[in-house]
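Okay, structure first, notes after.
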2 protein chains.
Amino acid sequence: MGVMAQTSGTLDVRRGILDTAHRIVGVKGFSGVGLNEILVAAGVPKGSFYHYFGSKEAFGEALLADYFEDYLAAIDTTFAEPGLSHAERLMNYWRQWQATQGSIDYQRKCLAVKLAAEVSDLSEPMRLALKRGTAGILDRVTGAIAAGVAEGTLRIAGAPREAAEALYHVWLGASLMAKIERSDAPFAAAMTTTRRVLNPQPA
Amino acid sequence: MGVMAQTSGTLDVRRGILDTAHRIVGVKGFSGVGLNEILVAAGVPKGSFYHYFGSKEAFGEALLADYFEDYLAAIDTTFAEPGLSHAERLMNYWRQWQATQGSIDYQRKCLAVKLAAEVSDLSEPMRLALKRGTAGILDRVTGAIAAGVAEGTLRIAGAPREAAEALYHVWLGASLMAKIERSDAPFAAAMTTTRRVLNPQPA
DNA sequence: GCCCGATTAGACCGGTCGTCTAGAGGGAGG
DNA sequence: CCTCCCTCTAGACGACCGGTCTAATCGGGC
């Protein structure tokens with residue numbers, strides 16, 4: 001069977017499809033791309049698709065799950081960076097958001113922003129993947145805010161969870177406006193709002 | 001030519017297509033629906049479509065323009081309602097947002113929320129229609145905030161434009177989250193944020 | 001050399017957008 | 001009252017692309 005060798009090959013193919021898809025779906029959306037385009041771009045024969053995924057919908061679910069897995073790991077890294085206050089770590093997170101969404105680098109475009117509206121009325125499994133992912137983000141941001149408050153580097157009115165939700169909404173909305181306006185002015189506005197909400201203090 | 005009689009009939013057909021499309025596109029998105037489905041639902045033969053619209057894209061642009069025309073007119077009505085303070089009118093606007101987006105009434109779903117991410121990478125004319133529409137909303141909200149501040153029923157930190165952008169971002173983001181979570185909790189959170197930002201005072 | 005599971009090729013059918021030809025409808029002008 | 005002519009309707013049609021599935025191929029292990 002060559003389990004080892006073939007398994008690694010198999011996983012590479014799956015990864016290749018997922019990575020390619022992230023790039024393309026991040027621009028064209030989910031209904032807007034055909035499997036064909038993704039498969040050709042990934043150099044994977046069309047016939048193979050149903051060996052790796054059960055359907056286009058199951059594939060979309062996997063794409064989202066895979067995306068959030070990476071994304072949450074990246075947040076954990078940012079929020080654990082040594083030598084920084086919780087306030088600084090949190091502000092770094094928003095800075096990264098601005099940097100990745102504002103750039104022309106489609107590779108890393110946020111699938112949550114791109115797909116939320118399109119997909120949540122279309123597919124229940126995909127909607128739930130989105131729900132799990134965003135809940136994970138909200139949990140982490142809430143934790144970081146609470147830590148900053150406890151540490152004294154953040155001063156907020158109300159509960160950490162409320163602030164986290166408010167800020168996540170702001171950045172989601174700013175991302176939508178940035179797409180509409182093709183400008184990163186909305187992110188600058190979001191950053192101003194963020195500072196007003198969090199009142200970051202020097203450590 | 002029968003200009004009058006035929007014109008009214010003609011406009012009815014166009015209206016019918018647009019209204020039906022609003023309902024369907026509001027659920028399925030733009031790439032997610034075929035002209036066929038819309039036309040059948042509207043009871044309009046396919047051949048007529050290209051008499052009224054040049055292409056699917058031009059139709060999408062018209063759909064958005066039409067949507068925002070109504071939407072902006074509704075805002076103007078809300079912001080001109082007699083016997084209310086500017087603060088009350090503004091809070092009514094957000095309440096209406098919550099009511100229409102939170103409901104199951106797809107007829108009136110916000111096309112800006114639904115289509116922004118999907119369409120702004122897909123079609124420049126549609127993106128510009130979105131840009132014009134959202135700019136109109138932002139202008140009106142900014143005006144209402146400024147009026148409330150001048151009147152003394154609103155107390156904000158910073159410029160009215162900043163507050164308007166922050167709040168519009170919040171409500172856009174909350175609408176996305178409401179879709180993802182299938183809950184109107186995000187709107188409740190947005191309302192809390194809104195009150196914190198605007199500090200509405202009794203007249 | 002054979003076996004057998006992992007992988008692929010390509011057919012399949014239904015739907016996509018857009019086009020095109022024919023003709024129905026109904027006021028205007030003689 | 002009849003004809004003209006333009007607006008609008010009708011829906012078949014083409015070329016193409018969608019997701020899915022079956023049947024065949026590939027290639028390592030024995």
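We name chains A, B, ... by the order of the sequence lines, and we start the count at 1 in each one.
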For Gly47(B), which contact category applies under a 4.0 Å heavy-atom criterion: base, sugar-phosphate, or nothing?
base
What orientation do Phe68(A) and Tyr71(A) show, parallel under 30°, tilted 30 to 60°, or perpendicular over 60°?
perpendicular
Taking Arg89(B) for the side chain and Phe79(B) for the main chain, is one N or O donor matched with an acceptor at less than 3.5 Å?
yes
Tell me: NE2 of His51(B) to P of dT21(C), nearest whole Å?
18 Å
Within residues 35-43 of chain A: residues closer than 4.0 Å to DNA chain C (heavy atoms):
none
N/O donor-acceptor pair under 3.5 Å between Glu151(A) side chain and His86(A) backbone
yes
Does the plane of the ring in Tyr168(A) sit parallel, tilted or perpendicular to the ring in Trp97(A)? Use 30° and 60° as the thresholds.
perpendicular
Students often get this wrong, so: under 4.0 angstrom with heavy atoms, is Val33(B) touching a base, only sugar-phosphate, or nothing?
sugar-phosphate
Using whole Å, report how far NZ of Lys46(A) lies from P of dT25(D).
21 Å
Distance-only, no hydrogens or angles: does the Arg140(A) side chain make a donor-acceptor pair with backbone N or O of Gly136(A) under 3.5 Å?
yes
Using only atom types and a distance under 3.5 Å, with no angle test, would you say the side chain of Lys56(B) pairs donor to acceptor with the backbone of Phe30(B)?
yes
Would you say Tyr52(B) reaches dT9(D)'s phosphate, i.e. side-chain N/O to OP1/OP2 under 4.0 Å?
yes
Tell me the interatomic distance from Phe49(A), atom CZ, to dG10(C), atom C1', rounded to whole angstroms.
17 Å
What contact category does Lys56(A) fall into here, base, sugar-phosphate, or nothing, at under 4.0 angstrom with non-hydrogen atoms?
sugar-phosphate
Think Ser48(A) has a side-chain N or O under 4.0 angstrom from the OP1 or OP2 of dT8(C)?
yes
What integer distance in Å separates Glu57(B):CD from dG18(C):C1'?
14 Å
Any heavy-atom pair between the side chains of Glu88(A) and Glu81(A) that's under 4.5 Å?
no
Within the supplied structure, the quantity of interest is the number of heavy atoms (other residues, nucleotides, ligands) at a distance under 6.0 Å from Glu69(A) CD; does it exceed 12?
no
Using salt bridge (Lys or Arg N to Asp or Glu O under 4.0 Å), reason through Lys28(B) and Glu118(A) one step at a time and then give a plain yes or no.
CA-CA 7 Å; Lys28(B) 299 198 165 189; Glu118(A) 180 188 352; over 6 Å; no
So what is the end-to-end bend of the helix from dG1(C)-dC30(D) to dG30(C)-dC1(D), with 5 pairs used at each end and the value given to 10 degrees?
20°
